[in-house]
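Before any comments, here is the structure.
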Protein chains: 2
Amino acid sequence: MNSVNLKRLAQELNLSIATVSRALQDSYEVSAHTKERVKALAAELNYEPNAYASSLRRNISKTIGVVIPEVNNHFFSLAINGIEEVARQSGYHVLIYLTHEDYDREVAITQYLTGGRVDGILMSVASETQEFGHLLKLQATKPAIVFFDRVCDSIATAQVTTNDFESGFQATEHLIQAGCRHIAHLLVSGNLSIGRMRMQGYQAALQQYGLPFDEALVLDGNGNDEQNTALITALLTARPEVDGIFASVERLAISSYHACNGLGRAIPEQVKIISFSNLGVAALLDPALTTITQPAYEIGREAAKILLRAIEKKKPILPTQSLVLKSELFERRSTAK
Amino acid sequence: MNSVNLKRLAQELNLSIATVSRALQDSYEVSAHTKERVKALAAELNYEPNAYASSLRRNISKTIGVVIPEVNNHFFSLAINGIEEVARQSGYHVLIYLTHEDYDREVAITQYLTGGRVDGILMSVASETQEFGHLLKLQATKPAIVFFDRVCDSIATAQVTTNDFESGFQATEHLIQAGCRHIAHLLVSGNLSIGRMRMQGYQAALQQYGLPFDEALVLDGNGNDEQNTALITALLTARPEVDGIFASVERLAISSYHACNGLGRAIPEQVKIISFSNLGVAALLDPALTTITQPAYEIGREAAKILLRAIEKKKPILPTQSLVLKSELFERRSTAK
DNA sequence: CTGTTAGCGCGTTCAG
DNA sequence: CTGAACGCGCTAACAG
C-alpha cells in the first residue's frame, strides 16, 4: 500500500496531523506559510488521500453507481459518456453494473448498493423486471436514485426520458405523409415502457389520419436476427400491400432491410422504413432509412446533473424534476427519387 | 445513512461486535446456533456491510478500475462486458474512467487511482499518450495493472492483445488471393501500437507475394468521415488501378464504401474491401465487405482474470503472463458472383 | 466458543 | 493559528 499519508507528512514537517489535514483542505484557519510547506511536500511525495478513510469519516463516497441492462448498445454507451463527463467535472467516480436484462442480477446489484458504496444511482431497469420491491428497499436507505430511459413509476423520484409517444406518432406520420397506407409496426419487449409509448404513438397517428389499426401488422421481434428476418419476410409475403415499416428498435430495421432485399422489394420505392436508432448503424446502412435518434448523451448528462445536484444539496429528488428530452427525426440525404 | 451496522446487530442480540462480524463471515470459531441467530437478524434488518470501513481495515477494496479511451465503440463496450462479467463473479466492483484519447485526462485519472481506491487497473492507453511517467508512478504504488489492446511496453506487466501483425498479413493475403494486385491501406493514428502492427503485416504480405510496396497507397485517416471519404475518393481517382482496400478500422471501411459507391466502383467486383470491425457495423453494411473481428469480449475476460488472480494471490503480474488472442477473419455470406 | 482491545486514515470537535 | 483526542464501521490479535 501507499504509505504516504497524513501522518507521514506531519512527521516530516513537524506538524500535527490535524494541521496537515486542514492545510490540504485550504482551511482558513491555517497560515499561508504552512499551507505552502504542506502542499509542496504533498506534491513532492505524490500524496493522494485515502478515499475510503475519507468516505468512512464523512459518510460521503463521491461515487455514483450506474445500473443498466447492457453497455454494448449505442444508446447506453453514449449515456455513460454523458454521465462520466458530468461526474468527472464534479469530482465523482462512476461504478458500473450490468444487469443483462436479468431480474435476479438487478436485485443482487441493488442489494450491494445498499451498503453505502455510492451516494447516488442512475438506473435503467431491466426488461425482465416486473417487481419493484428491491428498488423500494434501495430507496429506503441512503442513495438517491434517478431513472433514465427505462423508468420505474412506482418510485417517487426524477426520471429522464424521451418523448416516445410523440416520436412514435411522428414516425408514423412521416410514413403516412410519404404516401404509406399499410404500415407495419415492429415492437420489442412489450413489457418496456418505452415500447408501449411508441406503439401508442403509432396507433394515435393511424387514427388521426383515418387509417385502420390492423393487429396483424404488429410484430413482436423478440427472437434473434434470423428469426426476426424470417418473421418479417413472412409478414411481407402474406401482406404484400405493406408499404411502410416502423421499427421500434434498430435491430428490427436491419432485419426489415434484409427481408426487403431478400424479397426484391425496393427501399424506399416499394417499402419505406423508419426506425429508432439505438445502435447507430442504420444511418450507415442505407440513405433510404429514416431514423429517430434519442439524445442519449444529453440524457446521461441531464440525469447525472439532477442526481449530483441533489447529492450536493443533500435534498431528496422530487418527481417534479423529471425531464423529457426530444428525439430527433433524422431524414438521410434525400434519396434520388 | 443506513444505521444497520454491526453495533446495532450486536446490541439487539446481546453479543459483541466481534462475534457478529465473525458469524457473518462464517468463521469456524462461532457456534452454529449463534451464526443462525446473527444471520437471521441481519437478513431481517437488511444489513449490508459498509464497504469503505471494510476496505479501510483490510486495505483491500474489491474494486478495479477500467481506464479506456471511450465506451462508445463496439470493441471497448464488449471488453467492458467481459470485464464486468469476470469481476461480478469474483465479487469485484468496476469503476470506469474515460480518457477521450486525452493525455491530460489520463494523467489525472491515474493520479486518483494512486489513492488506494482500486486494487487493480485494466487499461488501454490513449492515442495521444507518448510519455509514460504517470504510469510508472502508478506502478510504484499499490495497484496491479494489466494492459489490453492499447498497451504500454515501458511498464513491466502483462498485456492482453490480439495478433495484429498476423491479422494484417492475413487480411492482405486474403485480398491478394482474391486477385487484388493494387491494395491500398488505410491506417489510423500511426502512433498506436496496433496500427503499426497491422501495417507491418500488410507490408510483409505484399513482400511475400512479390507485390511492390507503394507508399502512395497508404492513407492516414485521421479526419472526420467526410474528409476521409474525400481522401479515399481522391486516391481512387488518382490511382484507378486500386482493386483492393485494407482498412485498419471500420470507420475507414465505411468511408471507402461510400467513396466507391460515389465513383460507381462495384464492390467487390472492381474493388474488394476488408476491414477490422471495431464498430460491428460493416458486417451489416454489405455482404461484400469482409471483416476481421477482434475477440473483444474474451480480451476483457482474460485481462480481468489475470488481474484478479494476481490480486487474490497478492503476487506481482509478470510480462510472461501476457496473452495474444486471435482475431477472426469473417467472410460474409458468399456474394452472388 | 466469545469478548476486549487496538487500530486502518481521515476529519472534526475542543483546548489552548 | 496549531495540537491532542475521538470515532466513522469494521477486522484481527490477544485473552479468557
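Proteins get letters first, then strands, A, B, ... in listed order; numbering begins at 1 in each. Fair warning: this is a prediction, and the values are worked out from it, not measured in the lab.
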Query - Atom-to-atom span, CG of A/Leu6 to P of D/dG7 - whole angstrom - result: 20 Å
**Report entry** A/Thr34 side chain near D/dT2 phosphate (N/O to OP1/OP2, under 4.0 Å)
**Finding:** yes
Requested in this report: Taking only the side-chain heavy atoms of A/Ser21 (C-beta and beyond), determine which of D/dC10, C/dT2, C/dG11 contains the nearest atom.
Outcome: C/dG11
Query raised in the report: Among side-chain atoms of B/Gln294 and B/Thr162, is any donor-acceptor pair under 3.5 angstrom?
Result: yes
Requested in this report: Calculate the interatomic distance between A/Tyr52 atom OH and D/dG7 atom C1'; express it in whole Å.
Outcome: 21 Å
Query raised in the report: Regarding B/Glu312 and B/Tyr92, is there a side-chain donor-to-acceptor distance under 3.5 Å anywhere?
Result: yes
Query - Length of the line joining A/Arg57:CZ and D/dA5:P, which is rounded to integer Å - result: 17 Å
Report summary line: Rounded to whole Å, CG of B/Leu15 lies from C1' of C/dT4 at a distance of 14 Å
Report task. Rounded to the nearest angstrom, tell me the gap between atom CD in A/Gln11 and atom P in D/dA4. Result -> 12 Å
Report task. Could you tell me the separation between the CG atom of A/Asn59 and the C1' atom of D/dC10, rounded to a whole number of Å? Result -> 14 Å
**Report entry** Nearest-0.5 Å distance that lies between atom OH in B/Tyr97 and atom CD1 in B/Ile68
**Finding:** 12.5 Å
Query raised in the report: Between A/Lys7 (NZ) and C/dG11 (P), how many Å, whole number?
Result: 16 Å
**Report entry** Upstream residue (5' side of DNA chain D) when B/Arg22 and B/Pro49 are each assigned their closest nucleotide
**Finding:** B/Pro49
Report task. Output yes when at least one side-chain N/O atom of A/Ser16 is less than 4.0 Å from OP1 or OP2 of D/dT2, else no. Result -> no
Report summary line: Walking DNA chain C from its 5' end, the first of B/Tyr28 and B/Ala18 to be reached, judged by nearest nucleotide, is B/Tyr28
Query raised in the report: Just to confirm, is there a sub-4.0 Å distance from OP1 or OP2 of D/dG9 to any side-chain nitrogen or oxygen of B/Ser54?
Result: no
Query raised in the report: Does CD belonging to B/Glu131 count more than 12 external heavy atoms closer than 6.0 Å?
Result: no
Query raised in the report: To the nearest angstrom, how far is A/Asn50 atom CG from D/dG9 atom C1'?
Result: 14 Å
Query raised in the report: Side chain of B/Tyr47: nearest nucleotide among D/dC10, D/dT2, C/dC10?
Result: D/dC10
Query - Pair A/Lys314 + A/Asp119: basic N to acidic O under 4.0 Å - result: no
